[in-house]
Structures are given as structure tokens and as C-alpha cells.
2 protein chains.
Amino acid sequence: MTTVRVLLADDEHLIRGALAALLALEDDLVVVAEAATGREALAMARAHRPDVAVLDLEMPGADGVNVATSLRTELPGCRTMIVTSHGRPGHLKRALAAGVRAFVPKTVSARQLAGIIRTVHAGNRYVDPELAADAISAGDSPLTTREAEVLELAADGAPVAEIAERASLSQGTVRNYLSAAASKLGAENRHAAVRLARERGWV
Amino acid sequence: MTTVRVLLADDEHLIRGALAALLALEDDLVVVAEAATGREALAMARAHRPDVAVLDLEMPGADGVNVATSLRTELPGCRTMIVTSHGRPGHLKRALAAGVRAFVPKTVSARQLAGIIRTVHAGNRYVDPELAADAISAGDSPLTTREAEVLELAADGAPVAEIAERASLSQGTVRNYLSAAASKLGAENRHAAVRLARERGWV
DNA sequence: TCGTGCCCATGACGTTTGTCATGAGCAGTG
DNA sequence: CACTGCTCATGACAAACGTCATGGGCACGA
């Protein structure tokens, strides 16, 4: 029997500890390192060279996908998987693009998670069916790169002038992009557009 | 030694299961019921009459504070506590007002949580110091009831006309409230105001 | 090479906002 | 009772925003 060396990264101590305890019950899995932040996860991975890195999506510092991206080049032998509470379609896409092998919501049981870790270690992929369906039904973003960029900058309610400055664009251009984005999304104004795009993971 | 009967409510199976496992290690704690939604938590509480209910803040259906409110009248003997990932000051205040005995971030360890459960069972309160500090520094909302209400309706980017209709107010009045709210919060416009108010738990 | 699509800009227009002054009705408090 | 603060309204003006037409530059595939 091969044993799988696992790295666990989650900023919530409660969950990380609990998870470690549960995975320890599976006798082919061994948690070799734990981390509470993105940076810590990277350091731990370098030090312990795990077979599989189980990364929380939302962590202080670098988020799970960023960590996965770094790991991909630094430790190509280490498979990465993402667990998350909030399954936005966009995150899934981002994760897959970063070479993540599994994307799992926290609604699965520990037993299932253990199974998925084995699946990933065996070189296969796993994507939660629910999340996959969402991602497919959400479809591809109709927004161009710049439209998405500008929309992103509009997210915190900043006035056009500020967006223009931060994007190094003229105010008129910003208004055009915002207008285009809103109409593509069928939104009444940019703020509603931001909400919609967020929901569908397009920003 | 008295044993404490605990109800666990969290929509994330992974966490709930893991938590149950960890709490089971403490031999004076016994998890008598688990729930994944607010409604389920209430039903379970009625059926099993736990000593302490550990409620996740964000759950589908009724959130943790709502459940606590219901429990307060239905099962006065049952102490309630909230655990959460995102510690917004407003939630803390709401929770305390609902008679919640403890408010804990998920960054604590399982051991600490067990200790807090005992503390609560003994009739004492516990509030995470960090969260308490935030709540205090955030202070009280400067917004009047109507201002907060209108701001809430503005949350999804609806135009003033729609807000006015939904609030049964004239458009001018809505603009006035929005303007007042934004200036009280030091925001550039209503959208930024919404964000600020949300951050501080004022909406 | 031509067309298409994205990028960026400008100018103009009407509409939506934010802001301010002003005032009426109605609690609650000193 | 006078005073204060919240609620709701109106009107008016300036600023911000959304929309449209138009045009140049650039990359890419047909």
C-alpha cells in the first residue's frame, strides 16, 4: 500500500485541525504539513514536498489558486487540489487553468475528501458535479479583457474619474467600456453589472 | 463529571463532520445532533434538547442568529453560540442582542472551542477579543432607520426610481436619504457607502 | 488584401445622481 | 410648552453617468 503525503492549507484553525484529525483516520493518508496562509503553504511545500496539496480557496496572502500556480512550477510532482465554501464558476475555471487537479466544495464528507485525495494522487482529476454544471451553465464571459478589467475597478463604487486614472484610460473610454459591459450583461448600470459578473465568476 | 450535550449546525459537511470528530475526543462533550441548515437545526434542537447549540453564522435558510433567536424562546435552557469565518462587527452585535452566549471565529483550535463550550455551559459568556475590539472601534451606526433601509435597497445597484418604489417613498426623499447616508459614512457615492456600511455591519 | 474585432479616444446629448434650501407633520425630552 | 430629531416632501442646479456616433490604430484569419 502506498501512503499519500498530504499538505493542508486553511486559515481556519478549527477546520484545518479537524480535517487533519479526520484524514489521519485513513491509514493510507498522512498529513505531513499544515499552513494557515498562502505564503506558509508554499514554504511548507518546499520543506516537506508532499504528494498532494489540499488548499483552501480563500486565505490571507496568496489565495489557493495562486499557491497552486507557484507549486506547479516549483514542485511539478505535487498535485494540487482546492477546497472551498463558495463555489463560484469563475474560480473553478481559474483553478483548472492553474493546473489544479480537483475542485471540491466543503459540503463533501471527510470520507469523500479522502477518496478524492486518492483519486488525485493516482493522477486523475475530480470536479464537483454541481460546480461543473454551474460553470457550464454560466458559460463563457461575453466581456472583453478590458471590459472585465474596468468593471473590476468599478467594483468598489469608485467614480469614473478614479477608474480612468487607475486604468490609465480616458474617462470617455471608461464610460464606453462600462456601458458596453452593462449592456452585454443586461444590467441597468455598472453597479448591477458588477454584481452580475461577480455572481457568474466573470470578474 | 457532567457531560455537555451539543448540537452542531454547519452547512459544510466537511467541517461539521470533522468538528464532531474532534469534539468527541473530549470526554465530557457529546454531540447529540447535527444539522446542515437553519431549519434543520431548529428541528434537531426540538428533538434532542441539547445543552449547547453551536451554530455556524452563514447557513442556507435561516442564519445562525435567526436560529438563536428562535431557540431563545423555544428552548430557554439551551445556550447558543455562533462560530463564523467572517467576523463582521454588526453580526456580533446582532448575535449578542439575540441572546447568543459566545461568538467565536473559526481560527480558534478545536481544543479552545471545547473550552468555550464548557464556559458557555457553565453560564458564562465568551467573545473573541479581536472581534470585540473591532466591534468597539466600529462603534454605533450613525444612520437612522430609514437611511439604513434605503441604503439596503440600494445594495444591488438599483436606480433611485426603483428604490423609491420599493420603499414607497418619493424619488427626492430617497436621494436625500442616500445623500445623507453617504456623507455620514464619508463615502463618495451611495455604492461606496453600501460597501462601507456592510463592512462595519451597519446594514 | 480585405474584413472583423478589440483597443482607445473624442464630442455631444439627455438622463440620473448628489447636494442644498426649505418646510410640514410628528414623536419624545427637558 | 419649546426644542430637538426623524420622517417625508418639493424644487432647483451642478456634476456625474449612460449612450451614441465617429474615427484611428492594430492584430488576426479568410
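Proteins get letters first, then strands, A, B, ... in listed order; numbering begins at 1 in each.
- More than 12 heavy atoms of other shown residues, nucleotides or ligands fall within 6.0 angstrom of atom CD in B:Glu74.
- A donor-acceptor pair under 3.5 Å is formed between the side chain of A:Lys184 and the backbone N or O of A:Pro142.
- Scanning residues 163-187 of chain B for heavy-atom distances under 4.0 Å to DNA chain C yields B:Arg175, B:Asn176, B:Ser179.
- Across residues 144-159 of chain B, B:Pro159 each have a non-hydrogen atom less than 4.0 Å from an atom of DNA chain C (numbered order).
- Between A:Arg16 and A:Asp56 no salt bridge is recorded (no basic side-chain N to carboxylate O distance below 4.0 Å).
- End-to-end axis angle of the helix from C:dT1-D:dA30 to C:dG30-D:dC1, from C1' rotation axes over five pairs per end: 30° (rounded to 10 degrees).
- A salt bridge links A:Arg118 with A:Asp28: the distance from a Lys NZ or Arg NE/NH1/NH2 to an Asp or Glu carboxylate oxygen falls below 4.0 Å.
- Residues B:Arg166 and B:Asp156 are paired through a salt bridge, judged by an N-O separation under 4.0 Å between the basic side chain and the carboxylate.
- Residue-environment remark: CZ (A:Arg39) stays at or below the threshold of 12 foreign heavy atoms within 6.0 Å.
- B:His191 has its NE2 atom 10 Å from the C1' atom of C:dT16, to the nearest Å.
- Of all non-hydrogen atoms in B:Gly157 and A:Asn189, the two that sit nearest each other are O-ND2, 2.7 Å.
- Applying the 6.0 Å contact sphere to CZ of A:Arg111 captures no more than 12 heavy atoms from other residues, nucleotides or ligands.
- Taking atom CZ of residue A:Arg190 and atom C1' of nucleotide C:dT17, one finds them 11 Å apart after rounding to whole Å.
- Between B:Asp128 and B:Lys106 there is no salt bridge, since no side-chain nitrogen of the basic residue lies less than 4.0 Å from a carboxylate oxygen of the acidic one.
- When the options B:Val67, B:Val65, B:Asp63 are evaluated for a side-chain contact (heavy atoms from CB on, under 4.5 Å) with B:Leu55, the one that passes is B:Val67.
- As a whole-Å value, the separation of A:Leu143 CG from C:dC7 P is 11 Å.
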